[in-house]
Every structure is written in structure tokens, then in C-alpha cells.
S.K.: 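Can you read through this structure? Questions will come right after.
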There are 2 protein chains.
Amino acid sequence: MKSVSSFIPAYYRLAEDLKQKIESGELKPGDVIPSESQLAKQYQVSRMTVRQGVALLAKEGFIESIQGKGSFVTVPRMDTLVLRFSENNLLGESKTLQVKLLDVGVIAADRKISAKLAVSPGTRILKMKRLLLADEGPVAVDSRFLPYVKGVPLLEREMEYAAFPDLVARNTNLVSARNNFKVSASILLKEEAELLEAKVGLPALCVEQIIYASNDQPIGWSKMICRGDRFTLTAVSHPF
Amino acid sequence: MKSVSSFIPAYYRLAEDLKQKIESGELKPGDVIPSESQLAKQYQVSRMTVRQGVALLAKEGFIESIQGKGSFVTVPRMDTLVLRFSENNLLGESKTLQVKLLDVGVIAADRKISAKLAVSPGTRILKMKRLLLADEGPVAVDSRFLPYVKGVPLLEREMEYAAFPDLVARNTNLVSARNNFKVSASILLKEEAELLEAKVGLPALCVEQIIYASNDQPIGWSKMICRGDRFTLTAVSHPF
DNA sequence: CAGTGGTCTAGACCACCCT
DNA sequence: GGGTGGTCTAGACCACTGG
């Protein structure tokens with residue numbers, strides 16, 4: 001039944017049909033949708049094709065299939081949000097992001113760093129500090145800490161511009177597996193205020209990232225202090 | 001080939017095999033994985049079964065399929081984070097979240113509200129203000145604004161405890177479609193400080209949510225001020 | 001037990017990409 | 001043209017749920 005007209009796939013039509021029934025309220029959250037064999041008859045397609053459409057809706061969060069029972073309409077969860085955090089979205093209106101490498105070097109892990117990166121105190125740690133500037137001026141200062149890996153030189157440009165997860169991956173030759181991301185409220189301390197050309201005490205967002213390898217070993221820690229008047233974080237529920 | 005042993009599905013085994021090859025570095029980002037027909041031969045399964053496995057890996061972000069070219073290993077994007085925001089994760093260690101309804105009523109939309117909710121100034125708006133308390137004490141104050149819908153009474157308990165998106169859905173009889181979520185840095189003003197039993201000027205997180213219906217009409221606005229010393233937001237990259 | 005979704009087959013034709 | 005992934009079929013058996 002792929003015949004003649006309709007350039008759009010059958011499974012897609014079916015999915016859109018059901019989606020429309022859900023959005024219009026004809027099918028309400030908790031309702032069962034027709035069984036796969038019923039849909040196959042209705043739409044004159046094979047069951048595997050129905051399954052493809054149903055799987056699409058499930059992936060998009062509109063329905064949930066339960067073996068032996070049926071497929072049920074769900075409310076897309078609006079408390080599950082997707083947050084894209086790249087340095088580019090530190091920019092507000094401004095189009096250009098500049099990065100200034102303030103400091104880079106190898107240090108010995110102090111107590112705090114050794115805790116964060118789960119290494120012994122004294123371990124050699126690659127540290128770098130950067131200043132991020134938009135058109136309006138400084139937006140954030142960022143400190144990054146990676147266990148020092150010998151024989152893996154990082155280029156200055158990488159240190160300046162690479163996104164933190166990418167930098168970590170480059171440094172360790174490992175596929176990083178997880179990014180633990182934390183946002184907290186803070187105010188500018190003296191040193192930060194000077195770098196960010198703002199007053200001490202200005203509200204600030206503190207964004208902390210810890211990258212883990214697949215073996216759950218932390219392989220990178222980053223802490224970014226952002227001027228609250230020049231930066232907000234945004235997220236949106238399901239990005240279909 | 002579903003025979004005898006192996007309680008785990010063939011497509012799942014195949015997916016795990018490939019995943020392991022990716023995580024071990026045998027397959028690196030950018031590499032092509034074997035074609036579907038090759039995999040079908042290798043694993044002695046039908047091509048549809050291979051496709052199911054490949055689709056699973058694609059859904060999980062490990063590979064990307066491109067028609068006419070092949071399927072390629074991708075780096076799971078670590079700058080795409082999933083943030084679960086329910087009032088329960090306002091709790092730190094504490095187990096009990098209490099909510100106190102401070103104020104509720106119908107008001108006329110002022111300039112700010114009419115802008116946020118895209119309604120004419122003066123439109124009747126249901127407003128409520130709540131205080132959220134954990135074991136340690138107050139954590140956040142939350143103001144919620146919904147266009148007033150007559151004939152849809154909300155119970156006090158709903159107003160107290162319903163998550164904001166759910167509350168909006170209940171109020172409008174609409175399936176809400178999108179949640180625009182914004183986090184910014186702030187400090188406690190006098191009124192907030194009093195309610196939160198903290199000093200004026202304490203760092204705070206401001207969480208703003210605007211819920212949209214499927215027709216892109218805003219149908220709810222919420223603004224929550226959280227004590228920075230008692231609340232942080234966390235997110236994590238792909239939640240498989 | 002009947003009905004549901006989950007897995008699987010062995011084919012087929014298509015759209016697309018590259019050479 | 002030859003290879004790739006995308007769509008689709010018409011069956012089959014399985015695992016699970018419920019009455």
C-alpha cells in the first residue's frame with residue numbers, strides 16, 4: 001500500500017493522525033489508542049508499519065506502550081527540559097564571542113581539586129583560566145581543571161575556544177560519557193569583579209561542570225562565573 | 001535465529017556490541033559502522049532486526065544514519081543537557097517539602113503581565129503566591145499567573161502542590177505544548193528576604209517559566225525566587 | 001483463554017549518494 | 001551502476017496481561 005500518491009511515508013501519516021487526535025483532545029491522557037492490529041486494518045498497512053508510527057510517537061513522548069495491555073496517551077512531561085549549554089549561548093544579542101586566555105599551567109592538586117577529580121592530593125593538574133567577552137564587555141570567567149596527561153599537548157587555540165567537554169576528550173583520548181552540570185547563585189567576589197569589570201556583589205550565576213569517563217572517573221572540572229546582568233540560562237521542554 | 005539460548009533480543013545484543021566497540025575506541029567518532037546488510041550477515045539476522053538495533057543506537061545518540069551513505073559514529077553531545085525541574089528537587093537532603101499558599105486571587109493584568117501572557121492589559125488574571133519550605137526552612141517564593149478561565153475552579157490543594165505545567169493544563173483544559181524555562185541570577189529584595197527568612201542581598205536563583213499552548217499562546221507564567229544557599233539546579237547529559 | 005505489544009523473517013522496491 | 005539507508009509486506013512466534 002505504498003502506491004501512487006502520498007510522498008509522505010505511511011507510518012508518518014499514521015503518527016501525525018494520532019498526534020492530531022491527541023492535540024485536539026479527541027484522545028486524552030490515559031486513553032488507550034487502538035491496538036496495532038486495528039490500526040493496521042484501518043490504515044490498510046502491515047503491522048510493522050503501524051509499529052514504526054507508534055514507535056515514533058513514543059519517542060516523541062506522546063504515547064507509552066505497555067506489553068500485554070496497549071498503548072496509552074501520555075502528557076508530554078513539561079518538567080523535563082533540554083538545556084543547550086555552549087559558549088555561544090553566553091552571547092545575548094551580540095554576535096561575537098571573544099575568549100582571552102588569562103592563565104594556563106600545571107599545578108598540584110589541592111584538597112578541593114583532588115576531591116572534585118577524585119585524584120590524590122598533589123597530582124599534576126592542568127589548569128587554565130579564561131575570560132569570555134561579548135560585544136558589551138566581559139561576560140564570564142572560567143576555570144578549568146584536567147588531570148595532566150603527558151604526551152598530549154593542547155594547543156592554545158583549543159584551550160581558548162574548545163567547549164569544555166571537547167577539551168576534556170582531547171586531553172584524555174577517552175570518550176567522555178557524562179557531564180554533571182550544576183547551576184548555583186552567587187555574587188561577584190573582588191577578583192571576579194575586577195576581571196568582569198563590574199562591582200563586587202553583583203549577582204552572578206555559577207555554572208559548574210564535571211565530566212566523567214565511562215568508568216565513572218572524573219576527568220574534568222570546570223567552574224564558570226557569569227555576570228548575572230549579561231547572562232541567563234534558558235531551556236525548553238521536549239525539542240521535537 | 002531467535003532460537004534456543006539468549007533471553008536478550010538479537011537487536012539488543014547487536015546494539016550493545018556496537019556500543020561497546022564505540023566506547024572502547026575500536027570505532028571512533030566519524031567512522032562508518034558496517035552496512036546494514038553486512039551486519040545482517042555477520043549476526044545471522046534479518047535486515048529489519050539490524051535496523052532495530054541501529055535505530056536504538058541512533059536514539060541513544062551513538063550513531064547517526066545518513067541515507068545513501070551509511071551510519072556514522074557520533075560523539076554524544078555533552079553540551080545538550082537534561083534538566084528535571086520539579087518542586088521535589090528543590091529539596092536538598094531534606095525529605096519533606098511543605099507548601100504554604102500565601103495569596104490567591106483574580107487581578108487585572110498590568111503591563112508586565114499582559115506582555116508576558118500576550119493578553120490585553122486589564123484582562124482578568126488568576127494570581128497565586130506560594131512559599132516553599134524544606135526541613136531547614138524556606139527555600140523559595142513562587143508567583144504564578146494564569147489567564148482567568150471562568151467555570152474552571154481550582155482547588156486549594158491543586159494550587160498549593162500541583163507542578164506549574166500541570167496547574168496550567170488543569171486551568172485551561174488545553175494540552176500545553178511547550179515550557180520556556182529561564183534561569184537568572186538575582187539577590188533577595190526586602191519582601192522576598194522577609195518571606196524566606198534571610199538577609200536582603202542574599203544570592204538567589206530566579207526561575208521563570210512560561211507555558212505555551214500548541215497555538216503558541218502563552219497560558220501561564222511563573223516566577224520563582226530561590227535562596228541560593230539552599231538550592232542549586234542540576235542537569236546531566238543524555239539520560240539513557 | 002483471547003488480546004495486546006515485542007521480536008523476527010525473507011523477501012521487495014524506493015530514494016539517495018558516489019563514482 | 002552499485003551500494004547505502006528508508007519504507008513496507010504478510011506472515012510467524014513469543015511474553016505479558018487480563019478476565
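In what follows, every chain begins at residue 1, and chains take the letters A, B, ... in the order their sequences are listed.
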S.K.: Would one find a side-chain N or O of B:Q67 under 4.0 angstrom from OP1 or OP2 of C:dC17?
M.R.: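 Looking at the OP1 and OP2 atoms of C:dC17, neither is under 4.0 Å from any side-chain N or O of B:Q67.
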
S.K.: What base-paired stems does DNA chain C take part in, with at least 3 consecutive Watson-Crick or G-U wobble pairs and both distances under 3.5 Å?
M.R.: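 Looking at DNA chain C, the stems formed by three or more consecutive pairs are C:1-18 with D:1-18.
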
S.K.: Round to a whole Å and report the spacing from CD1 of B:I33 to C1' of D:dG3.
M.R.: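 Taking CD1 of B:I33 and C1' of D:dG3, I get 15 Å after rounding.
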
S.K.: Closest to the B:S46 side chain: C:dT7, D:dT17, C:dT9?
M.R.: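 Nearest to the side-chain atoms of B:S46, counting from C-beta on, is C:dT9.
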
S.K.: Identify whether any heavy atom of A:Q38 sits under 4.0 Å from a base atom; if not, whether one sits that close to sugar-phosphate; answer base, sugar-phosphate or nothing.
M.R.: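 Sugar-phosphate, backbone atoms only, no base.
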
S.K.: Determine, for B:E160 against B:K100, whether the closest basic-nitrogen to carboxylate-oxygen distance falls under 4.0 angstrom.
M.R.: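 Here B:E160 does not pair with B:K100 in a salt bridge, since their nearest N and O are not under 4.0 Å apart.
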
S.K.: Can you tell me how far P of D:dG11 sits from CZ of A:R51, to the nearest Å?
M.R.: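 Those two atoms, CZ and P, are 18 Å apart.
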
S.K.: If the plane angle is over 60° it's perpendicular, under 30° parallel, otherwise tilted; pick one for A:F145 and A:W221.
M.R.: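 Aromatic pair A:F145/A:W221 classed parallel.
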
S.K.: Out of D:dT9, C:dT9, C:dT4, which has the shortest distance to the side chain of A:T49?
M.R.: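 Selected nucleotide: D:dT9.
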
S.K.: Of the nucleotides C:dG6, D:dG6, D:dT4, which one has an atom closest to the side chain of A:R47?
M.R.: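 It is C:dG6.
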
S.K.: Side chain of A:K69: nearest nucleotide among D:dG18, D:dT7, C:dC18?
M.R.: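 Looking only at heavy atoms from C-beta outward on A:K69, the closest nucleotide is D:dG18.
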
S.K.: Would you call A:E16-A:K19 a salt bridge at under 4.0 Å N-O?
M.R.: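 Salt bridge: yes.
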
S.K.: Closest-nucleotide mapping onto DNA chain C: is B:V50 or A:S35 further toward the 5' terminus? I mean the 5' end.
M.R.: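 With B:V50 and A:S35 compared, the 5'-side residue is A:S35.
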
S.K.: Is any NZ, NE, NH1 or NH2 atom of the basic residue among B:E87 and B:R130 found under 4.0 Å from an Asp or Glu carboxylate oxygen of the other?
M.R.: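 B:R130 and B:E87: salt-bridged.
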
S.K.: At less than 4.0 Å, is any side-chain N or O atom of B:Y11 found next to OP1 or OP2 of C:dT7? Yes or no.
M.R.: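 Checking C:dT7 against B:Y11, a side-chain N or O does come within under 4.0 Å of OP1 or OP2.
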
S.K.: For the CD atom on B:Q42, are there more than 12 heavy atoms of other groups (residues, nucleotides or ligands in this structure) within a distance under 6.0 Å?
M.R.: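 Yes.
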
S.K.: Ignoring hydrogens, what is the shortest heavy-atom contact between A:V45 and A:V50? Give both atom names and the distance.
M.R.: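 Smallest interatomic distance, heavy atoms only, reads CG2-CG2, 3.7 Å.
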
S.K.: Between C:dC8, C:dG6, C:dA10, which one does the side chain of B:M48 approach most closely?
M.R.: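 Of the candidates, C:dA10 comes closest.
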
S.K.: Closest approach to the side chain of A:E36, judged atom by atom: which nucleotide of D:dT17, D:dG5, C:dG5 is it?
M.R.: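 Nearest nucleotide to the side chain: C:dG5.
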
S.K.: For the residue pair A:I33 and A:D31, establish whether any side-chain heavy-atom pair is separated by less than 4.5 Å.
M.R.: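 Side chain of A:I33 against side chain of A:D31, heavy atoms only: no contact under 4.5 Å found.
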
S.K.: Counting only side-chain heavy atoms from C-beta out, which of D:dC8, C:dC8, D:dT9 sits nearest to A:P9?
M.R.: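 Between D:dC8, C:dC8, D:dT9, the one nearest the side chain of A:P9 would be D:dC8.
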
